[in-house]
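Here's the structure we're looking at; comments come further down.
The figures here come from the full heavy-atom set of this structure, side chains too, leaving out hydrogens, waters and symmetry mates. What you see is a predicted model; the values in this text were computed from it and never measured. Letters A, B, ... mirror the listed sequences (proteins, then strands); counts begin at 1.
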Amino acid sequence: MTQLISEENIKNERKIQNQINESIKDFKCFYFDAGAGAGKTYSLQKSIEYILENRTDELLSVKQKILCITYTNAAKNEILERIGQNSLVVVSTIHEFLWGFIAHQQPLLINEHKKKIEEELGKIDDTLSEIKFYNECDDQESFKQIVLNQEFLDLFYQYYSESATDFRDAIKNTGKIDEKLLSNVSNFKKVVSALRSEQKLKEALSNSNKRKCKVRYNPTRNRDNLSLFIISHDTLLDYAYSIIINNNIVKRLFFDKYPYVLIDEYQDTDRKVVEIFNSILDYSRERETNFLIGYFGDYMQNIYDKGVGKLDTIVEDFIPIKKVFNRRSSSQIVELIERIRNDGFGQKSIYKNFKDGKIQFYHSSLELESLSSFLSQKEIDKDCAVLLLKNDKIAKEREFENLLNKIREFPRFSGGNYNNVGSEFLSNNLQNMGWFLREVLNFIDFIAKVKNEDSTVRMVTNFIEGSTQITYDVFIQFIKKVNSIKSTKIGGYINELGKISISNNKETNTNFEVESILKNIFSIDSTNNYIEQIKKRAYDYFYFTSSDTFEDDDSNESERDMSIINSFFDLELKEFLCWYEYVQTDKKETGINYYTLHGSKGLEFDNVVIVLENTFANKKDYIQFFFENYGNLNFTEEESLRFNSVRNLLYVACSRARKKLYIIYISEDLQQNERQNISVIFEEIKSLDPDILDIAYDSPES
DNA sequence: GGGAGTAACCTTTTT
DNA sequence: GGTTACTCCC
């Protein structure tokens with residue numbers, strides 16, 4: 001059934017776009033708020049097209065461009081796809097753009113960098129002064145000399161991650177450190193690390209005036225390395241902010257070049273970015289130059305801490321434009337998400353007749369034993385997404401749990417590097433994937449293609465050097481041999497694969513080396529003992545924590561503890577295949593898509609199943625807090641932040657559904673007010689507990 | 001019982 | 001890396 005839009009709503013929608021167009025025409029800055037599924041990106045696209053239709057000649061004659069800022073590369077690509085290539089439109093992520101804009105201002109950047117280093121040195125000073133033993137140290141200078149000695153540091157970092165006792169013993173055995181300084185190991189570590197960075201930063205500072213010194217932006221790693229003049233995302237914004245705010249010439253360069261700036265998903269952009277644009281706008285007004293800023297977004301979908309969220313108090317004189325129509329969902333869903341946001345935004349379905357949606361809320365007092373039996377019971381198998389809070393649970397459902405847990409044992413993913421799991425292992429952006437894991441993924445890609453009967457010959461032979469010369473006979477022989485590999489473990493599998501030999505007596509010039517596959521994928525050079533070489537690479541990757549203390553890794557190779565590496569290669573190949581399936585994020589029309597609630601942002605499905613649980617974000621009542629406090633108006637600032645973050649996440653997740661939405665809430669028992677509020681939002685509460693009749697949970701009225 | 005030190009545990013996502 | 005949970009000792 002096609003959904004129908006009334007004449008009136010078609011008109012209403014057009015009116016909204018006209019409002020935007022008028023603002024653009026008159027250079028009146030605006031912010032456009034539209035709910036989930038309203039078609040924000042479409043409005044943005046139309047706005048760009050409007051400018052192109054009316055101002056192309058003008059832009060061309062003064063060599064100006066339209067600037068469209070997005071938050072993610074994915075969004076950037078989508079917009080580029082929609083508007084097509086056009087030299088008058090620059091579409092860019094905010095970081096990419098700002099870096100392009102200030103990268104060549106090296107003197108200014110170096111200046112910022114020096115300030116940043118000074119700041120950092122100040123922080124180090126504070127840290128040191130807070131630690132008692134160092135403060136009371138009679139001779140700090142000689143202590144410094146002892147611990148900053150390279151040999152000492154080598155030992156220090158070698159034992160850094162060992163238990164406190166082992167670490168203490170190792171340091172004690174050098175005979176250089178008085179035992180009483182080691183009574184608190186973590187403080188000792190803190191002091192030595194602080195002194196080490198202090199030394200490096202001071203060195204960097206004294207080098208900063210050299211000509212070759214350049215500040216560089218590294219977008220692939222979210223960490224500054226100030227002593228090497230490398231900055232990352234947040235620091236880039238800091239520098240850009242300072243440079244632009246304080247330089248009218250730079251501001252003028254900006255608005256002379258880009259008279260129209262449109263910003264997508266404004267709620268996610270950093271507050272500093274808004275302030276940068278505000279300062280440019282102020283100066284353009286001073287100079288009486290036309291300059292337009294338009295924000296497009298939905299503050300209710302701000303689910304990351306850094307985003308600016310609501311704009312009204314930051315851009316007070318901007319025209320607010322709002323769209324209440326929802327183009328995605330059935331009226332049931334639209335009404336539900338309106339209740340979740342509960343701020344009177346007034347969303348409504350744009351359709352006359354899209355009223356066959358369905359919402360069911362289930363409570364379960366125990367963790368679900370089998371999600372799949374729930375799914376099959378509900379007979380949802382098409383265009384469906386299951387949304388879970390944690391990556392752990394996704395790994396479990398997708399059956400690569402052991403792989404995930406093994407990964408977390410390595411230094412690269414444990415301790416302070418805990419967050420690397422997300423970016424380097426679970427990232428659906430292959431560019432961000434860790435280098436060794438990318439090799440593994442590549443290998444799995446090869447296996448998957450060999451195993452898949454639908455693969456073309458080309459898809460498989462792409463992995464083989466000199467593959468153009470392979471005869472069909474040889475190819476079939478090869479596939480057969482690969483498919484008869486017995487080992488179910490990845491290490492064993494690689495081993496057997498490396499041993500495959502293809503008899504090739506017909507054509508002497510056919511150059512087919514099975515080993516070239518492994519050589520290519522894992523960038524190894526010698527021709528034997530593949531698995532050992534690959535394990536060596538694995539070690540280099542998994543044990544390199546990049547905390548810039550492990551610059552050289554020619555640590556005694558014979559001393560390397562390979563036990564975890566070995567158990568990594570003892571994992572079932574199947575787990576790797578499941579992981580591979582998961583990170584290939586292509587949405588499946590049939591079958592079930594798994595995402596985190598966060599990761600579902602921007603997507604849509606006919607059917608959505610959301611599993612909610614309370615242990616999340618270091619809380620034991622993450623979801624409960626929202627249900628208990630729904631409608632509460634007396635929040636402290638902290639409570640309000642907490643409440644909003646759950647609300648926004650639920651809003652994002654629930655608004656993915658077009659037709660059917662199932663919520664499964666896992667919570668030991670429901671409090672009275674919690675139950676009441678859930679009933680207000682979702683109406684009926686059903687129980688998934690086997691021994692409880694549904695009726696016991698019906699809403700109070702019934 | 002409390003304080004100090006250590007070990008264990010942890011949310012998501014993007015740039 | 002930051003917070004919570006445990007353990008040890010006085």
At under 4.0 Å between heavy atoms, what does A:Ser423 touch on the DNA or RNA strands: base, sugar-phosphate, or nothing?
nothing

Given A:Phe643, which partner from the list A:Phe626, A:Phe627, A:Tyr622 fulfils the ring pair (Phe, Tyr, Trp, His ring centres under 6.0 Å) test?
A:Phe626

Under 4.0 Å, heavy atoms only, any strand: does A:Ser183 hit a base, just the sugar-phosphate, or nothing?
sugar-phosphate

Compute both the distance and the angle, then confirm whether A:Arg412 meets the cation-pi test with A:Tyr543: under 6.0 Å from the six-membered ring centre, within 45 degrees of the axis.
no

By nearest heavy atom, map A:Asn419 and A:Asn187 onto DNA chain B; which one lands nearer the 5' end?
A:Asn187

Counting the atoms with a prime plus P, OP1 and OP2 as sugar-phosphate, which does A:Arg168 contact under 4.0 Å by heavy atoms, base, sugar-phosphate, or nothing?
sugar-phosphate

Checking all strands, does A:Asn391 fall into the base, sugar-phosphate, or nothing category for heavy-atom contacts under 4.0 angstrom?
sugar-phosphate

Need two values: the first and the last nucleotide of DNA chain B, 5' to 3', having an atom under 4.0 Å from any heavy-atom of chain A.
B:dG5 to B:dT15

Applying a 4.0 Å non-hydrogen cut-off, can you work out what A:Gly422 is touching in the nucleic acid: base, sugar-phosphate, or nothing?
nothing

If you assign each of A:Lys306 and A:Ser414 to its closest nucleotide in DNA chain B, which residue comes earlier from the 5' end?
A:Ser414

Looking just at side-chain N and O atoms, do A:Asp224 and A:Thr235 make a donor-acceptor pair shorter than 3.5 Å?
yes

How is A:Lys189 classified with respect to the nucleic acid when contacts are heavy atoms under 4.0 Å: base, sugar-phosphate, or nothing?
nothing

With a 4.0 Å cut-off, would you call A:Glu575 and A:Lys406 a salt bridge?
no

Within 45 degrees of the ring normal and closer than 6.0 Å to the centroid, is that where the cationic atom of A:Arg341 sits relative to A:Tyr299?
yes

Is A:Lys390 positioned over the aromatic face of A:Phe616, cation under 6.0 angstrom from the ring centre and no more than 45 degrees off axis?
no

Indicate, with a heavy-atom threshold strictly under 4.0 Å, whether A:Ile94 touches base, sugar-phosphate, or nothing.
nothing

